[in-house]
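For this chain, numbers begin at 1 and follow the sequence in order. Values below: every heavy atom of this structure, side chains too, minus hydrogens, waters and symmetry copies.
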Amino acid sequence: MVDASDPNPNEPVRVVGRYALYAEIAAGGMATVHFGRLLGPVGFSRTVAIKRLHPQYAKDPEFVSMFLDEARLAARIRHPNVVPTLDVVATQGELFLVMDYVQGESLSRLIRAARERGERIPPRLVGSIMSGALHGLHAAHEAKNERGEPLHIVHRDISPQNVLVGTDGVARVLDFGVAKAAGRIQTTKEGQLKGKLAYMAPEQINGEVTRRTDVYAAAIVLWEALTAQRLFTGENEGQILSKVLGGFVQPPSAVVPDLPVALDEIVLRGLARDPAHRYTTAREFAIAVERCLGVASPTEMGEWVESVAHGALAKRAEKIAEIESSSANLAAKVDMTKTAVTSSISSSSSLPSPSSTSHADPPVSQASQLSSISVSKPAVTSRSRAGIVAIAAIAMIAGGGIVATFALRSNTPTQTTAPTPSTSPSPSPSPTTSPSAATPTVTATPTVTATAAETPTATATVPATHTTHVVPHHVVAPPPTATAAPKNCDPPYTLDDKGHKLWKRECI
């Protein structure tokens, strides 16, 4: 891919699913790679790399299946030397592949940067890079599906561009876009080559690929990392193809005399024209490189990467810092939007239906309904609150009547203050509520009457100009009368010699 580390600062930020898509990191013929930011809940976020399939290819079934296969295969490879695939997003006719972001440089740029400084990568560092890449390839070759069956993945596009060396000192393999595997949906059309011609094994050109095909390509990468030169060059693809099929390769020590001769044998074995003469596995190749060149520590490797690619890494780090600082506000806005939508959906069942609304009430707009949903405690209308309090008052008055009746039937002396009984029912109350919702008060002008089956009726009168709290045990009422009380019912009882009240039959 082409470097695009100097993005346009005025480029707008696009939100794709739960990710923010920022400027390009690199661009290729099939896709571009962008800086990205995961906008997680409760402030969680992380920087990612997002591979975006070109829109014109998103309509091509072959490219779409290739893109999805890359995600599916890469997700099955779990190894520290393979860039992990985190997610796939399909939206608005486009496809996005989300990968872990690694702060580092591709091996191709490191080779070029070292050559521009008149240097080569130290052999021990080359040993570390190639050892890590080969172990990552071995993990891909050994990957299995969900049922534990081998996938037989072959990368088919190993090159210095697809080996990423991080500032953490770890080399990683990336880009399984044209990988071959068992059960892959996308298939290569007849006569159509996949991968870079200068890194293809002779049998790959003929359409036959195995894990040893990747070993051959890795041997070319090792040769170029040691010599800082291209192995197969030409003015056109025809000349390159002729050299690949010709099979003649100079040993590394013929180009760089200070390289150990024992290394020549290792490199040339990996570049054997016959796959049977190569290393059986990438892991076997890695062990041979480690024994010959040794390996540098991750700290030494990371410091060298930072020293060689300091300018590009500094620009990228500055861009990452800008993205991370600006994404906090963006994440908050996205989270608020999602919360508002979720609250609206979850609370829609509690919104009043048109059939339950009084014709006297004004219509409630959708905006006001959504506004009420966002409040933590839903507002209670004055009418509904008054109705609730009125019902509570009736229940409490009735309860007081029951208590009074129980006291009368128990024949225990009880001092009561009986209000003047009402001779006729009073009209229904029309109470209003005070502003306080925690302690509702009732202002009533008429008499409130409660009647229960087989229980005496309790009648309580509240003056029109008096506002009072309704307390159930303050209400004590005598037995009511269905008709006007006779004159001899004042008082409605007599006292026996022990002071007990004997209620007059005609007054009950």
Answer yes or no: are there more than 12 heavy-atom neighbours, outside [X] itself, under 6.0 Å from its atom [atom1]?
| X | atom1 | result |
| --- | --- | --- |
| Glu235 | CD | no |
| Glu237 | CD | no |
| Lys144 | NZ | yes |
| Gln239 | CD | yes |
| Arg115 | CZ | yes |

task: Just jot down the side chain to side chain donor-acceptor pair (under 3.5 Å) partners of Ser128, sequence neighbours excluded, or say none.
output: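 Checked Ser128 against side chain to side chain donor-acceptor pair (under 3.5 Å); zero matches.
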query: Residues in side chain to side chain donor-acceptor pair (under 3.5 Å) with Glu318, at least two apart?
result: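 With neighbours one apart ignored, the set is empty.
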task: Using the salt bridge (charged side-chain N to carboxylate O under 4.0 Å, His left out) rule, take Arg18 and Asp87 through it: C-alpha gap first, then chi angles, then the decisive distance, then the call.
output: CA-CA 10 Å; Arg18 55 178 182 163; Asp87 199 359; 3.6 Å; yes
Do [X] and [Y] have side chains that get closer than 4.5 Å, going by heavy atoms?
| X | Y | result |
| --- | --- | --- |
| Phe96 | Arg52 | yes |
| Leu197 | Phe232 | no |
| Val255 | Gln229 | yes |
| Trp304 | Ile121 | yes |
| Lys51 | Val33 | yes |
| Leu39 | Tyr19 | no |
| Phe35 | Glu322 | no |
| Glu146 | Arg76 | yes |

task: Heavy atoms only: give me the nearest Val64-Ala58 pair and the separation to one decimal.
output: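 Closest approach of Val64 to Ala58, heavy atoms only: CG2-O, 3.0 Å.
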query: What are the two closest non-hydrogen atoms of Arg37 and Ser45, and how far apart are they?
result: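 Taking every non-hydrogen atom into account, NH2-OG, 3.0 Å.
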In Å and rounded to the nearest 0.5 Å, what is the [atom1] to [atom2] distance from [X] to [Y]?
| X | Y | atom1 | atom2 | result |
| --- | --- | --- | --- | --- |
| Leu226 | Leu263 | CG | CG | 5.0 Å |
| Thr47 | Lys319 | OG1 | NZ | 11.5 Å |
| Leu293 | Leu222 | CG | CG | 7.0 Å |
| Asp274 | Tyr216 | CG | OH | 12.0 Å |
| Ile240 | Lys196 | CD1 | NZ | 12.5 Å |

task: Please determine which of Glu203, Arg278, Gln204 meets the side chain to side chain donor-acceptor pair (under 3.5 Å) test together with Thr213.
output: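 Looking at Glu203, Arg278, Gln204, the match for Thr213 under the side chain to side chain donor-acceptor pair (under 3.5 Å) is Glu203.
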Audit row: Glu224, Arg230, side chain to side chain contact (heavy atoms under 4.5 Å, CB included) steps and yes/no: CA-CA 6 Å; Glu224 295 183 352; Arg230 293 289 297 272; 3.6 Å; yes
Judged by atom type as modelled, is there a donor-acceptor pair below 3.5 Å linking the side chain of [X] to the main-chain atoms of [Y]?
| X | Y | answer |
| --- | --- | --- |
| Asp60 | Glu62 | yes |
| Ser242 | Gly238 | no |
| Arg172 | Pro84 | no |
| Asp264 | Ser253 | yes |
| Arg283 | His138 | no |
| His155 | Leu174 | yes |

- request: For Asn81 and Val173, run side chain to side chain contact (heavy atoms under 4.5 Å, CB included): C-alpha distance rounded to whole Å, both residues' side-chain angles, the deciding distance at 0.1 Å, then the answer.
  value: CA-CA 6 Å; Asn81 295 112; Val173 178; 5.8 Å; no
message: Between Arg112 and Glu105, does any side-chain N to carboxylate O distance fall below 4.0 Å?
response: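 So Arg112 does not pair with Glu105 through a salt bridge.
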Side chains of [Y] and [X]: any donor to acceptor distance under 3.5 Å?
| X | Y | result |
| --- | --- | --- |
| Glu142 | His79 | no |
| Thr167 | Gln103 | no |
| Tyr199 | Gln161 | no |

query: Should Thr85 and Phe176 be marked as a side chain to side chain contact (heavy atoms under 4.5 Å, CB included) after you check the CA-CA gap, both sets of side-chain angles, and the distance that decides it?
result: CA-CA 10 Å; Thr85 298; Phe176 286 80; over 6 Å; no
task: Please test Asp214 against Arg211 for salt bridge (charged side-chain N to carboxylate O under 4.0 Å, His left out), starting from the C-alpha separation and ending with a verdict.
output: CA-CA 5 Å; Asp214 285 344; Arg211 62 171 63 190; over 6 Å; no
task: Mind running side-chain hydrogen bond (donor to acceptor under 3.5 Å, both in side chains) on Ser297 and Thr299 for me, showing each step along the way?
output: CA-CA 5 Å; Ser297 67; Thr299 301; 4.7 Å; no
field: side chain to side chain contact (heavy atoms under 4.5 Å, CB included) between Phe248 and Lys243, intermediate numbers included
entry: CA-CA 7 Å; Phe248 174 76; Lys243 291 181 179 181; over 6 Å; no
